Amino acid sequence: MSTPVITRFAPSPTGALHLGNVRTALFNWLYARREGGRFLLRIEDTDRVRSDEAEVLALMGELAWLGLDWDAGPDREDAAGPYRQSARTERYARAFDRLEAAGAAYPCYCTPLELEVARRTQLASGRPPRYPGTCATLSAAERAARAAEGRPATLRFRVAPGEAIAYDDLVRGPQRFQSEDLGDFVIRRADGSAAFLFSNALDDAAMGVSHVLRGEDHVANTPRQRLIARALGAEPPRYGHLPLLVGPGGAPLSKRDGSAAVAELRAEGYLPDALLNLLGRLGHSYAEEGWLAREALVRGFELGALGRAPAHFDRAQLRHWQKEAVHRAPAALLEGWARGRVPPGQEAAFVAAVRANLELPVDAATWAHVVYGELPCAAGEIRDSIIGAGAPFYDAACAAVAAGAGYRELVAALKATGRAGAALFKPLRAALTQRADGPELAALLEIMPTSIVRARLEAARDLAMHPDTRPGSAL
RNA sequence: GCUCCCAUCGUCUAGAGGCCCAGGACACAGCCCUCUCAAGGCUGGUACGAGGGUUCGAAUCCCUCUGGGAGCGCCA
């Protein structure tokens, strides 16, 4: 009987969901889906980090938006829950008692100041900072005395020296740590709350988590968490440590690196699949090239294809995947971008016309304005282009449009002025859109209101007739 | 300071001793197509951090250096 694959994403509800976290969530999700296992969502809101419901909701909203669905979580409880740590304090308390009774953990009365001093001294003398073990060997009487003084105590996990703790990292291969290098560590804070190391390890065990992919900043936690699991009589999950995601400068990704927050990218209009195509290749490589649909993303995910070097998040690459995503997006989605920016009922026609020029919602706004909005007086090379075409050119255009000409007739009428090709279309485009680039003119003309077409052609004619008039000045 | 990890085009990466004077993608440049932009097609430049080994042969193995990163909390 093979062990079922159970992975999890265990964020702390502090601050916005970050690209680095999302990638971690994605890899765990991909692995679970790939293996036909389960993906859990656990909120790590220990008592210290007060659960902020709004934050939890936002977090779940973003995961759901990305399509990373979870089989159990705070909103889908099951027998292994509850899935928020703030609701699990009694479990931790029982475990603390057991560990303390067994001598695997002991109360420590050292103050933060004392510990800080010890750390500095060790550092100053070139030694690695470790808990000196001050309270490790206190007798029952000594403990009672300190407790009677009302001194607050943390609970420390006792690490026996002389032991090698080895495990096989899913990403980095065989790892080996010496227990002396660990030192006794705090598993319960003075306020009684469980420390991350502990609640995280206990919950993984209690929830049957089989595989954990997490950031490499957790490497050193792994031997400690294995020790905890063993003391608890539980089987620890298999751990894999991912290289961190870094920003343009090579420094770890931070909020300053422009839109590292998922919510921000979402607000800008980036599509989930664009994000996933990018993230799935940061620190991981797919054998298959090009755009990967959801199923391909899952199918092609391999633990063996996980890298060990930090990966840069690159905006240009995101934009590329966004283009791919928009290219494949259903029209209805893009029509949503147009809604409110184009006359009601025109959404579909508008999107059909400008679709190839859309990358983000802001582009829909730009083109909607070009098609339906009020344009300023022409300037620069646009102005030159219009003047260069001459008044007769626009006279012909105005006359054709006044006679009810469609695109074909309009072009035919303009060809009669002796212009063709670029010499025809460039000034026409300039007059109609005041831009040198954009969707096909035929498509644009089809959706542009006739009144606007006429007004712009007339304005161009006037400009061509009186080129000396300063742009913007009233006649 | 100590421990650990990493090091291929600007970026994401392929590469697990000869298939590599290093492949793909993004970005960039040029050309084609085209009324323009985008898309598409073609072409191009740019990389194995440095130095030593091992080997008939090294991007691939070893050592040193350099450069980056992580950790050494009553933070997660």
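Chain letters run A, B, ... following the sequence lines, proteins first and then strands; every chain starts at 1. Bear in mind the structure is a predicted one, so any value in this text is a computation, not a measurement.
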message = I'd like to know whether CD of A:E116 has more than 12 heavy-atom contacts from other residues, nucleotides or ligands below 6.0 angstrom.
response = yes
message = Of the listed nucleotides (B:C12, B:G69, B:G71), which one gets closest to any side-chain atom of A:E216?
response = B:G69
note = For B:C20, the nucleotide meeting Watson-Crick or G-U wobble distances (both under 3.5 Å) is none
query = Under 4.0 Å between a side-chain N or O of A:R156 and OP1 or OP2 of B:C74?
reply = yes
ask   = Any idea which of B:A76, B:C74, B:C12 is nearest the A:N221 side chain?
value = B:A76
key: Euclidean distance for P, B:C65 against B:C2 (whole angstrom)   = 12 Å
message = Between P on B:U13 and CG on A:L292, what's the gap in Å once rounded to a whole number?
response = 15 Å
remark   = From CD of A:E180 across to C1' of B:C72 the rounded distance in Å is 15 Å
request  = Provide the Watson-Crick or G-U wobble partner of B:G71, both distances under 3.5 Å; none if there is no partner.
outcome  = B:C2
ask   = Paired with B:G44: which nucleotide, if any, by Watson-Crick or G-U wobble criteria at under 3.5 Å for both distances?
value = B:C28
message = I'd like the P distance from B:G45 over to B:A22, given in whole Å.
response = 10 Å
request  = Would you say whether A:H218 stacks on B:G71? The test is a distance between ring centres of less than 5.5 Å and an angle between planes of less than 30°.
outcome  = no
request  = Look through every strand shown and name the nucleotide pairing with B:A14 as Watson-Crick or G-U wobble, where both distances are under 3.5 Å.
outcome  = none
ask   = A:P112 side chain: which of B:C74, B:C12, B:A70 is closest?
value = B:C74
query = With sugar-phosphate meaning primed atoms plus P, OP1 and OP2, does A:C108 contact a base, only sugar-phosphate, or nothing at under 4.0 Å between heavy atoms?
reply = nothing
query = Just how far, in rounded Å, is C1' of B:C72 from CG of A:L182?
reply = 10 Å
inquiry  = Considering every strand and a 4.0 Å limit on heavy-atom distances, what is the contact class for A:N200: base, sugar-phosphate, or nothing?
reply    = nothing
task = Establish, with yes or no, whether the OP1 or OP2 oxygen of B:C74 is under 4.0 angstrom from a side-chain nitrogen or oxygen of A:R119.
result = yes
query = Roughly, in whole Å, what's the span from CD in A:Q85 to C1' in B:C75?
reply = 13 Å
note = Here the pair of heavy atoms bringing A:P74 nearest to A:M60 is CG-SD, 4.2 Å
Whole angstrom value for the distance that separates P of B:C5 from CZ of A:R172 = 7 Å
remark   = On a heavy-atom basis, the closest approach of A:P243 and A:G307 is CD-O, 3.3 Å
task = Take A:R281 and A:A309, find for each the nucleotide of RNA chain B with the closest heavy atom, and name the residue whose nucleotide sits nearer the 5' end.
result = A:A309
query = How far, in whole Å, is B:G68 from B:U11 if one measures between their P atoms?
reply = 15 Å
message = Mind checking if A:V219 touches a base, just sugar-phosphate, or nothing, with heavy atoms under 4.0 Å?
response = nothing
Nearest-neighbour nucleotide for the A:R308 side chain, B:A70, B:C6, B:C26 considered = B:C6
task = Have a look at A:T154 and say if it touches a base, only the backbone sugar-phosphate, or nothing, with a 4.0 Å heavy-atom cut-off.
result = base
task = Would you indicate what A:L424 reaches in the nucleic acid, counting non-hydrogen atoms under 4.0 angstrom: base, sugar-phosphate, or nothing?
result = nothing
inquiry  = Does any part of the side chain of A:Y131, heavy atoms only, come nearer than 4.5 Å to the side chain of A:C110, both counted from C-beta?
reply    = yes
request  = Taking the six-membered ring of A:F96 (Phe, Tyr or Trp), confirm whether the NZ or CZ of A:R188 is under 6.0 Å from its centre and within 45° of its axis.
outcome  = yes
query = Considering only B:C2, B:C4, B:U13, which nucleotide approaches the side chain of A:Q175 most closely?
reply = B:C4
Paired nucleotide for B:A38 [Watson-Crick or G-U wobble; both distances under 3.5 Å] = none
message = Measuring to OP1 and OP2 of B:G73, would you say a side-chain N or O of A:R130 lies under 4.0 angstrom away?
response = no
query = Just to confirm, is there a sub-4.0 Å distance from OP1 or OP2 of B:C12 to any side-chain nitrogen or oxygen of A:H312?
reply = yes
remark   = Comparing A:A190 with A:A316, nearest RNA chain B nucleotide closer to 5' gives the residue A:A316
remark   = Heavy atoms of A:A436 and A:I382 approach each other most closely as N-CD1, 3.8 Å
Interatomic distance at C1', B:G71 relative to B:A14, whole Å = 31 Å
inquiry  = A cation-pi test, strictly: NZ or CZ of A:R355 under 6.0 Å from the centre of the six-membered ring of A:W367 and no more than 45 degrees from its axis. Yes or no?
reply    = no
message = Below 30° counts as parallel, above 60° as perpendicular, anything between as tilted: where do the rings of A:H284 and A:Y286 land?
response = perpendicular
message = Could you check whether A:E295 pairs with A:R34 (Lys NZ or Arg NE/NH1/NH2 to Asp/Glu carboxylate O, under 4.0 Å)?
response = no
key: Separation of the P atoms in B:C56 and B:G40, to the nearest angstrom   = 50 Å
request  = Under a 3.5 Å limit for both distances, which nucleotide forms a Watson-Crick or G-U wobble pair with B:G57, could you say?
outcome  = none
ask   = Whole-Å distance between B:G73 P and A:L113 CG?
value = 16 Å
message = Pairing check on B:A50: which nucleotide meets the Watson-Crick or G-U wobble criteria with it, both distances under 3.5 Å?
response = B:U64
inquiry  = Between B:C26 and B:A38, how many Å separate the two P atoms, rounded to a whole number?
reply    = 14 Å
ask   = Within 45 degrees of the axis of the six-membered ring of A:F9 and under 6.0 Å from its centre: does A:R42 put its NZ or CZ there?
value = no
message = Walk along nucleotides 30-42 of chain B from 5' to 3' and tag each nucleotide B, S or - by protein heavy-atom contact under 4.0 Å, base first, then sugar-phosphate.
response = -----BBBSS---
Spacing between A:L275 atom CG and B:C12 atom P, to the nearest angstrom = 17 Å
query = Picking from A:T46, A:D203, A:D45, what satisfies side chain to side chain donor-acceptor pair (under 3.5 Å) with A:Q85?
reply = A:D203
key: Pairwise C1' distance for B:A59 and B:U54, with rounding to whole Å   = 16 Å
message = Just the rounded figure in Å: distance from P of B:A76 to CG of A:D203.
response = 14 Å
task = Between B:A7 and B:G24, how far apart are the P atoms? Round to whole Å, please.
result = 22 Å
